[in-house]
Amino acid sequence: TNFYKGKAGLKTVFEDQLNYKELFIIGASSEPYESLKFYFDWYVKRRQKKKIKIKAIAFEPIKDPISIANIKYLPKEYASPLSINIYGDKVALILWGKEKPMAIVIKNHEFSDAYRQYFELMWDISKY
């Protein structure tokens, strides 16, 4: 388990995600575009170039939905500032704080498999 603080820490987490072929996101939002302005546009271009597949569940419209390959929505009343990114054998819990965002990354197959099952359940009840 690793802890990351601030914008530099979040950039480290996103850079790591570029090493995987697919990414599942619970709580996708436009927050990365706002918090990591210039970096996130660059990250999205690199992610698209690597053809990393994405399935995301959001609670509000995303700033740039084209960067998200496949997205569904749940009711806004369930939204939170926490995003859960599942990739490979890792789970990143990202708290988008206005001043001090932070992330906890857990590297464990059992955790990632459990969160992936949780994602699939939420995906099934979400709407396009």
Side-chain angles (χ1 to χ4, degrees):
T1 302
N2 290 312
F3 296 85
Y4 300 89
K5 289 184 179 180
K7 294 178 182 182
L10 291 184
K11 288 178 186 177
T12 301
V13 173
F14 285 110
E15 286 297 309
D16 186 41
Q17 293 175 7
L18 292 172
N19 297 314
Y20 296 87
K21 295 183 185 231
E22 60 184 359
L23 174 63
F24 302 92
I25 304 170
I26 301 170
S29 72
S30 295
E31 190 63 39
Y33 291 96
E34 295 166 22
S35 295
L36 304 172
K37 293 182 188 206
F38 301 109
Y39 168 79
F40 208 73
D41 288 332
W42 182 63
Y43 162 82
V44 168
K45 288 176 186 170
R46 291 174 49 220
R47 193 187 70 220
Q48 289 172 331
K49 186 175 180 179
K50 289 184 167 210
K51 298 182 180 172
I52 297 170
K53 295 178 183 176
I54 293 200
K55 283 175 84 174
I57 298 169
F59 302 96
E60 62 187 18
I62 304 293
K63 174 191 170 202
D64 183 9
I66 294 169
S67 70
I68 304 291
N70 200 353
I71 188 166
K72 284 186 167 185
Y73 296 91
L74 284 173
K76 193 172 185 173
E77 62 261 22
Y78 298 107
S80 87
L82 181 73
S83 173
I84 303 168
N85 295 15
I86 307 150
Y87 53 103
D89 61 349
K90 296 180 182 179
V91 177
L93 305 171
I94 302 170
L95 183 60
W96 291 104
K98 293 289 181 198
E99 298 191 20
K100 293 189 180 183
M102 64 176 64
I104 301 169
V105 178
I106 303 165
K107 182 179 179 180
N108 179 287
H109 274 291
E110 293 175 276
F111 266 90
S112 63
D113 289 346
Y115 270 97
R116 207 171 274 107
Q117 286 181 323
Y118 178 57
F119 175 89
E120 290 302 329
L121 171 66
M122 292 182 70
W123 183 260
D124 289 344
I125 61 173
S126 301
K127 299 180 179 179
Y128 283 103

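Please read all numbers here as calculations on a predicted model, not as lab measurements.
- By the rule that hydrophobic residues join a cluster once side-chain heavy atoms approach within less than 4.5 Å of another member, Ile57 and Leu82 end up as members of one cluster.
- Under the ring pair (Phe, Tyr, Trp, His ring centres under 6.0 Å) criterion, the residue pairs touching residues 79-112 are Tyr20-Tyr87, with sequence neighbours excluded.
- A salt bridge between Glu15 and Arg46 is present, with a side-chain N of the basic residue lying under 4.0 Å from a carboxylate O of the acidic one.
- For the pair Val44/Trp42, no side-chain contact is recorded, criterion being any heavy-atom separation below 4.5 Å from C-beta on.
- Taking the six-membered ring wherever Trp is involved, the centroid distance between the rings of Phe14 and Phe40 falls below 6.0 Å.
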> Does the side chain to side chain contact (heavy atoms under 4.5 Å, CB included) test come out yes or no for Phe24 and Lys55, once each step is laid out?
Replying inline: CA-CA 5 Å; Phe24 302 92; Lys55 283 175 84 174; 3.8 Å; yes
>> side chain to side chain contact (heavy atoms under 4.5 Å, CB included), that's the test. Do Ile54 and Asn70 meet it? Break it down for me.
In response: CA-CA 6 Å; Ile54 293 200; Asn70 200 353; over 6 Å; no
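- Checked for salt-bridge contact, Arg116 and Glu22 miss the test: no charged N lies under 4.0 Å from a carboxylate O.
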>> side chain to side chain contact (heavy atoms under 4.5 Å, CB included) for Tyr78 and Phe59? Distances and angles first, verdict last.
In response: CA-CA 7 Å; Tyr78 298 107; Phe59 302 96; 3.8 Å; yes
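- Residues Ile25 and Ile104 do not share a hydrophobic cluster, defined by chaining ILVMFWY side chains whose heavy atoms lie under 4.5 Å apart.
- No continuous path of hydrophobic side-chain contacts links Tyr73 to Leu121 [ILVMFWY only; heavy atoms under 4.5 Å].
- The minimum heavy-atom distance linking Ser35 with Lys7 is given by the pair O-CE, 3.2 Å.
- Using a 4.5 Å cut-off between side-chain heavy atoms of Ile, Leu, Val, Met, Phe, Trp and Tyr, with links allowed through other members, Leu23 and Tyr115 fall into different hydrophobic clusters.
- Under a 3.5 Å cut-off, the side chain of Lys90 and the backbone N or O of Ser112 do not form any donor-acceptor pair.
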>> If you apply the rule side chain to side chain contact (heavy atoms under 4.5 Å, CB included), what do you find for Val105 with Val13, and how did you get there?
In response: CA-CA 8 Å; Val105 178; Val13 173; 3.8 Å; yes
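- Around atom OH of Tyr39, more than 12 heavy atoms belonging to other residues, nucleotides or ligands sit under 6.0 Å away.
- Between the side chains of Asn85 and Ser83, at least one donor-acceptor pair of N or O atoms lies under 3.5 Å.
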> What do the steps show when you test Gln17 against Tyr43 for side chain to side chain donor-acceptor pair (under 3.5 Å), and what is the final call?
Replying inline: CA-CA 10 Å; Gln17 293 175 7; Tyr43 162 82; 3.2 Å; yes
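- The NZ atom of Lys76 lies 5.5 Å from the CD atom of Glu60; values are rounded to the nearest 0.5 Å.
- Looking at every heavy atom in both residues, Ile94 comes nearest to Ala103 through CG1-CB, 4.0 Å.
- The two residues Ile71 and Tyr128 have their closest heavy-atom pair at O-CD2, 3.4 Å.
- Once rounded to the nearest 0.5 Å, the distance linking CD of Gln48 with NZ of Lys50 reads 13.5 Å.
- Two residues are said to be in side-chain contact when any heavy atoms from C-beta on lie closer than 4.5 Å; Leu95 and Pro81 meet this criterion.
- A continuous path of hydrophobic side-chain contacts links Trp123 to Ile26 [ILVMFWY only; heavy atoms under 4.5 Å].
- A distance of 5.0 Å separates CG of Leu74 from CE of Met122, quoted to the nearest 0.5 Å.
- Atom CG of Leu10 and atom CE of Met102 lie 9.5 Å apart (nearest 0.5 Å).
- Heavy-atom minimum distance, Ser126 versus Lys72: CB-CB, 3.5 Å.
- Shown here for Pro61 and Ser30, the closest heavy-atom pair between the two residues is O-OG, 3.8 Å.
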